[in-house]
Amino acid sequence: MSVKEKKVPPKLNKYMHARNPYRTPPSFKKLASVYPEFRPYCSYDVGGKVHLDFKDPKALRALTTCLLHQDFDLKVTIPDDRLVPMLPLRLNYLLWIEDLLMHAAHCETSDVIVGVDIGTGASCVYPLLAARKLGWNLVATETDNINFTAATTNVNNNDLQDNIIVKKVDDKTVLQGVLDDADIQKQMYLKKKEVNDNNDDDDDDDDDDDEVMSELNNTPSDTPCKHTDGDDNKSMKYMFDFTMCNPPFFSSEEETDSMKKSKKQRGEPISSPTE
């Protein structure tokens, strides 16, 4: 009778994007020496190697916030009962989007990129990373009050209000009332217009810009911006380059644990409530 060999899961860095800095795992030893808040969650073997308990949500929260500060100069606070983002996977997602924009949409690295993150979470990790690492602009939507407050605080604490708009939406809202919000369109349109003005001397485009800006300025806040001239090309000038979403839609660790327990068939054990 043959013995079935146990499958060993591949290392995470095997699936890392080629430009993902976490293809090389971070040094826990260095992190512990620099960040006192990370040190209590570390253990040391006889060889002096540092180990981390990945089943401990507090340890993962400390790891994520310290890495965000060390590698991206981002000051992020994640409330104790909120989901902890897995940083290498979040970067993967953004880098794949960057590839699509460059190769499929033929965007240039100098272009002003504007995206929408649906359900940004308390950490607001996608918009923060996209703004700081890639120079993008994001509209982040959130239905949960605690997540919305935490996400707004994280954006403000990093002085990224000019690049990131956090918008509170209703539970059943995905994009309606977001993409056509006059205030959001105006802020993002001005971002693109500033670069276009520096790169384009076409007077006809300037006339179109003036018409669009006039429409945006005359539209009340938090209301849809309607285009009545029938010229879709003008409205496209300040449309968004991409939308992204990171399911499943759990707002807290408690919801995640509850969902796991309700499943009849268990897959591989998950070490902690991360997103």
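Numbering starts at 1 and runs along the sequence shown.
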(message) Donor-acceptor check, side chain of Asn158 to backbone of Leu160, threshold 3.5 angstrom: yes or no?
(response) no
(message) Is there a continuous path of hydrophobic side-chain contacts, each under 4.5 Å between heavy atoms, that joins Leu87 to Tyr35?
(response) yes
(request) Determine yes or no for a side-chain-to-main-chain donor-acceptor pair under 3.5 angstrom, with Glu142 supplying the side chain and Asn147 the backbone. (result) no
(message) Could you check whether any side-chain heavy atom of Thr152 comes within less than 4.5 Å of a side-chain heavy atom of Val155, counting everything from C-beta outward?
(response) no
(request) Identify whether the distance between the nearest side-chain nitrogen and carboxylate oxygen of Arg61 and Asp56 falls below 4.0 Å. (result) no
(message) Could you report the tightest heavy-atom contact between Ser33 and Arg39, atom names first, then the distance?
(response) O-NH2, 3.6 Å
(message) I'd like to check Thr77 versus Thr65 (side-chain heavy atoms, cut-off strictly below 4.5 Å). Are they in contact?
(response) no
(message) Whether the side chain of Asp170 engages the backbone of Lys172 through a donor-acceptor N/O pair (distance < 3.5 Å, no angle test) should be reported.
(response) no
(request) Treating Ile, Leu, Val, Met, Phe, Trp and Tyr as nodes and any side-chain heavy-atom pair under 4.5 angstrom as an edge, say whether Leu100 and Leu134 lie in one connected cluster. (result) no
(request) Please name the pair of heavy atoms, one in Asp144 and one in Arg82, separated by the smallest distance, quoted to 0.1 Å. (result) OD2-NH1, 3.0 Å
(request) Please report the closest heavy-atom contact between Gly121 and Ala151, naming both atoms and the distance. (result) O-CB, 3.5 Å
(message) Any side-chain to backbone donor/acceptor pair from Arg132 onto Asp73? Under 3.5 Å, distance only.
(response) yes
(request) For residues Leu74 and His69, determine if any side-chain heavy atom of one lies less than 4.5 Å from a side-chain heavy atom of the other. (result) no
(request) Of all the heavy-atom pairs spanning His17 and Asp99, show the shortest one and how long it is. (result) NE2-OD2, 2.6 Å
(message) For Asn156 and Thr153: C-alpha separation, side-chain torsions, deciding distance, then whether side-chain hydrogen bond (donor to acceptor under 3.5 Å, both in side chains) applies.
(response) CA-CA 5 Å; Asn156 293 340; Thr153 299; 5.8 Å; no
(request) Report whether Trp96 and Ile113 are members of the same hydrophobic cluster (ILVMFWY, side-chain heavy atoms less than 4.5 Å apart, transitive linking). (result) no
(message) Taking Leu60 as the starting point, is it possible to reach Phe72 by hopping between hydrophobic residues whose side chains are less than 4.5 Å apart?
(response) yes
(message) Using side-chain heavy atoms (C-beta onward) and a distance below 4.5 Å, is Val76 in contact with Val125?
(response) no
(request) Mark yes or no for whether Thr120, through its side chain, and Asp117, through its backbone, hold a donor-acceptor pair below 3.5 Å. (result) no
(message) Whether Lys58 and Asp80 form a salt bridge (side-chain N of Lys/Arg under 4.0 Å from carboxylate O of Asp/Glu) is what I want to check.
(response) no
(message) Between Leu95 and Leu101, is there shared hydrophobic-cluster membership here, with clusters defined by ILVMFWY side-chain heavy atoms closer than 4.5 Å?
(response) no
(request) Answer yes or no: is there a donor N or O on one side and an acceptor on the other, between the side chain of Asn20 and the main chain of Pro88, under 3.5 Å? (result) yes
(message) Is it the case that the side chain of Tyr93 and the backbone of Tyr126 share a donor-acceptor pair, with hydrogens and angles ignored and the cut-off at 3.5 Å?
(response) no
(message) Between Asp241 and Gly115 (side chain of the first, backbone of the second, donor and acceptor by atom type, cut-off under 3.5 Å), is there such a pair?
(response) no
(request) Any chance you could measure Phe28, atom CZ, to Ser43, atom OG, to the nearest 0.5 Å? (result) 10.5 Å
(message) Could you check whether any side-chain heavy atom of Tyr189 comes within less than 4.5 Å of a side-chain heavy atom of Val114, counting everything from C-beta outward?
(response) no
(message) Is there a side-chain contact between Pro85 and Thr64 in this structure, where contact means two heavy atoms from C-beta onward sitting under 4.5 Å apart?
(response) yes
(request) Determine the minimum heavy-atom distance between Asn154 and Ala122, stating which atoms define it. (result) ND2-O, 3.0 Å
(request) Could you tell me whether the side chain of Thr141 and the main chain of Gly119 form a donor-acceptor pair under 3.5 Å? (result) yes
(message) Tell me the closest heavy-atom pair linking Cys124 and Ile164, and the distance in Å.
(response) SG-CG2, 4.4 Å
(message) Side chains of Leu63 and Phe54, heavy atoms from C-beta outward: is any pair under 4.5 Å?
(response) yes
(message) Less than 4.5 Å apart, side chain to side chain, heavy atoms only: is that true for Leu68 and Leu129?
(response) yes
(message) My understanding is that only one of Ile184, Asn137, Leu138, Leu175 makes a side chain to side chain contact (heavy atoms under 4.5 Å, CB included) with Phe240; could you say which?
(response) Ile184
(request) Please list, chain by chain and in numerical order, all residues satisfying ring-ring contact (aromatic ring centres under 6.0 Å, His included) with His51, sequence neighbours excluded. (result) none
(message) For Thr143, is there any backbone N or O sitting under 3.5 Å from a side-chain donor or acceptor partner on Lys168?
(response) yes
(request) Could you give me the CA-CA distance, side-chain angles and deciding distance for Asp71 and Tyr22, then say whether side-chain hydrogen bond (donor to acceptor under 3.5 Å, both in side chains) is met? (result) CA-CA 10 Å; Asp71 298 334; Tyr22 296 115; 2.5 Å; yes
(message) Can you confirm whether or not the ring centre of Trp136 sits under 6.0 Å from the ring centre of Phe242?
(response) yes
